[in-house]
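As a basis for the values below, the full set of heavy atoms in this structure was taken, side chains included, without hydrogen atoms, waters or symmetry mates. Quick note on labels: first sequence line is chain A, next is B, and so on, each numbered from 1.
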Number of protein chains: 2
Amino acid sequence: MGKRISHKDSLCGVARPLDAIGDWWSLLIVRDAFDGLRRFGEFQKSLGLAKNILSARLRNLVAHGIVDIVPAAEGGPYQEYELTEKGRGLFLVLAALRQWGEDFFFAPDEAHVLLADKKSGLPVRRLELRARDGRVLGPADTIVRRPPSMARVELARPQVRTASNRRDFKPRTRK
Amino acid sequence: MGKRISHKDSLCGVARPLDAIGDWWSLLIVRDAFDGLRRFGEFQKSLGLAKNILSARLRNLVAHGIVDIVPAAEGGPYQEYELTEKGRGLFLVLAALRQWGEDFFFAPDEAHVLLADKKSGLPVRRLELRARDGRVLGPADTIVRRPPSMARVELARPQVRTASNRRDFKPRTRK
DNA sequence: CGATATCGGTTTCAAATTGAAACCGTGCAG
DNA sequence: CTGCACGGTTTCAATTTGAAACCGATATCG
């Protein structure tokens, strides 16, 4: 789970999300949640993963504020999992991932499901990144910019514990 | 790497991509590639991961057609890694992930880099999913639709090898 | 030429994670 | 009380990850 944050990525807007959902199952759980699944057993049946893993993943998603545990839904004795606002924010990530998947992971003649507008039934438009003025932006048209007042101090953050910075570190001797 | 494809997800447009890039490092490598990194050592320095892991990840990305190994760039004896068309297709996935990160992973007062239009220097527009007719679509406005001619046959696919479907399976006896 | 360094990995081993199945506690239904 | 489904936790083995050592090819210096 909480993998290490590598030296320079503690401030990167890509690495932090990956710490929360950067494993195989988490995004699939979220996708299923978007599809209306709410119960432990539903997720397990849908995804076919081991119960301990599902348990761990759900705990992680809850810890990251992506899903909430709601006490009961229809009065039953069980709890349910539902997406938080933050979790619902993953909608576009899933959409982008799905479009990429549709573009590159299916043979041209291979049938596959695709994302459609519920009202019209037609496939959705292709996502596109636009500038303020409306121009469509490609990879070469963007930069990651540091906003004006970004202090250059390295923010105090929990020191990563690697073998070589532990105080008791001793290089292993090879046999 | 090639994790298992769970029973019903062999045809899902989300699960297949995750098989290719669904681990902590792969997307970060791709992000660095977008930032212009090309050499093994550059990736390693930027990400701070172990060389064996980087090696494995790059091999996986190459195997999935996301990066290419190009023989030499400036005549040197070394090879470089560059994004393929498929790899460049991840641009929007990264953009979506970054926007989500910017929205939810930074304290309101916490400075962070953000994605900007290179020409104007202004932050990019928020991504949005739209229907053909231009309506902005939220999670509740979409369905995954099976295109007309989707055969209902379970496609022949490499049988997943789990403990319980191996021929020599024997339930373990507890101590 | 020989010594040393750098790059791009592979190998080795230990530690962490994942996964299958067994086990467990609670709340029903009969 | 008996059985059973749900929602997990525990146990243990197998796989993956990671740190550091090692290696081969080329380049650089003296």
What pairs of nitrogen or oxygen atoms, one from the protein and one from nucleotides 6-9 of chain C, lie under 3.5 Å apart?
{"residue": "dC7(C)", "atom": "O4'", "partner": "Y78(B)", "partner atom": "OH", "Å": "3.3"}
{"residue": "dC7(C)", "atom": "O3'", "partner": "R39(B)", "partner atom": "NH2", "Å": "3.4"}
{"residue": "dG8(C)", "atom": "OP1", "partner": "R39(B)", "partner atom": "NE", "Å": "2.4"}
{"residue": "dG8(C)", "atom": "OP1", "partner": "R39(B)", "partner atom": "NH2", "Å": "3.0"}
{"residue": "dG8(C)", "atom": "OP2", "partner": "G41(B)", "partner atom": "N", "Å": "3.1"}
{"residue": "dG8(C)", "atom": "N7", "partner": "K51(B)", "partner atom": "NZ", "Å": "3.4"}
{"residue": "dG9(C)", "atom": "OP1", "partner": "Q79(B)", "partner atom": "NE2", "Å": "3.0"}
{"residue": "dG9(C)", "atom": "OP2", "partner": "Q79(B)", "partner atom": "NE2", "Å": "3.2"}
{"residue": "dG9(C)", "atom": "OP2", "partner": "Y81(B)", "partner atom": "OH", "Å": "2.7"}
{"residue": "dG9(C)", "atom": "N7", "partner": "K51(B)", "partner atom": "NZ", "Å": "2.7"}
{"residue": "dG9(C)", "atom": "O6", "partner": "K51(B)", "partner atom": "NZ", "Å": "2.6"}

Grab the [atom1]-[atom2] distance between [X] and [N] for me, whole Å please.
| X | N | atom1 | atom2 | result |
| --- | --- | --- | --- | --- |
| L47(B) | dT17(D) | CG | P | 15 Å |
| N52(B) | dC22(D) | CG | P | 15 Å |
| L49(A) | dG7(D) | CG | P | 14 Å |
| I29(A) | dG8(D) | CD1 | P | 12 Å |
| L61(A) | dG8(D) | CG | P | 13 Å |
| L54(A) | dA21(C) | CG | P | 16 Å |
| W24(A) | dT16(D) | CH2 | P | 13 Å |
| D23(B) | dT15(D) | CG | C1' | 15 Å |

I'd like to check the side chain to side chain contact (heavy atoms under 4.5 Å, CB included) partners of A116(A); sequence neighbours left out, ordered by chain and number.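 With sequence neighbours excluded, A116(A) shows a side chain to side chain contact (heavy atoms under 4.5 Å, CB included) to R145(B), given in chain and number order.
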Salt-bridge present (D133(B), R135(B); N to O < 4.0 Å):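 Looking at R135(B) together with D133(B), the answer is yes, because their closest N to O distance falls below 4.0 Å.
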Give every residue pair that meets the side-chain hydrogen bond (donor to acceptor under 3.5 Å, both in side chains) criterion with at least one member in residues 96-107 of chain A, sequence neighbours excluded.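 Every side-chain hydrogen bond (donor to acceptor under 3.5 Å, both in side chains) pair that includes a residue of residues 96-107 of chain A, provided the two are not neighbours, is D103(A)-R126(A).
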Evaluate the ring planes of F43(A) and Y81(A), with Trp represented by its six-membered ring, and classify them as parallel (under 30°), tilted (30 to 60°) or perpendicular (over 60°).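 Judged by the thresholds at 30° and 60°, the geometry between F43(A) and Y81(A) is perpendicular.
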Should W25(A) be listed as having a side-chain N or O under 4.0 Å from OP1 or OP2 of dT18(C)?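 For dT18(C), OP1/OP2 do not have a side-chain N/O of W25(A) under 4.0 Å.
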Would you mind telling me which of R59(A), K51(A), R57(A) makes a side-chain hydrogen bond (donor to acceptor under 3.5 Å, both in side chains) with S55(A)?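 Going through R59(A), K51(A), R57(A) one by one, the side-chain hydrogen bond (donor to acceptor under 3.5 Å, both in side chains) with S55(A) is satisfied by R59(A) alone.
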Polar side-chain atom of E42(A) near backbone of R38(A) as donor-acceptor pair, under 3.5 Å: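 Confirmed, E42(A) side chain pairs with R38(A) backbone.
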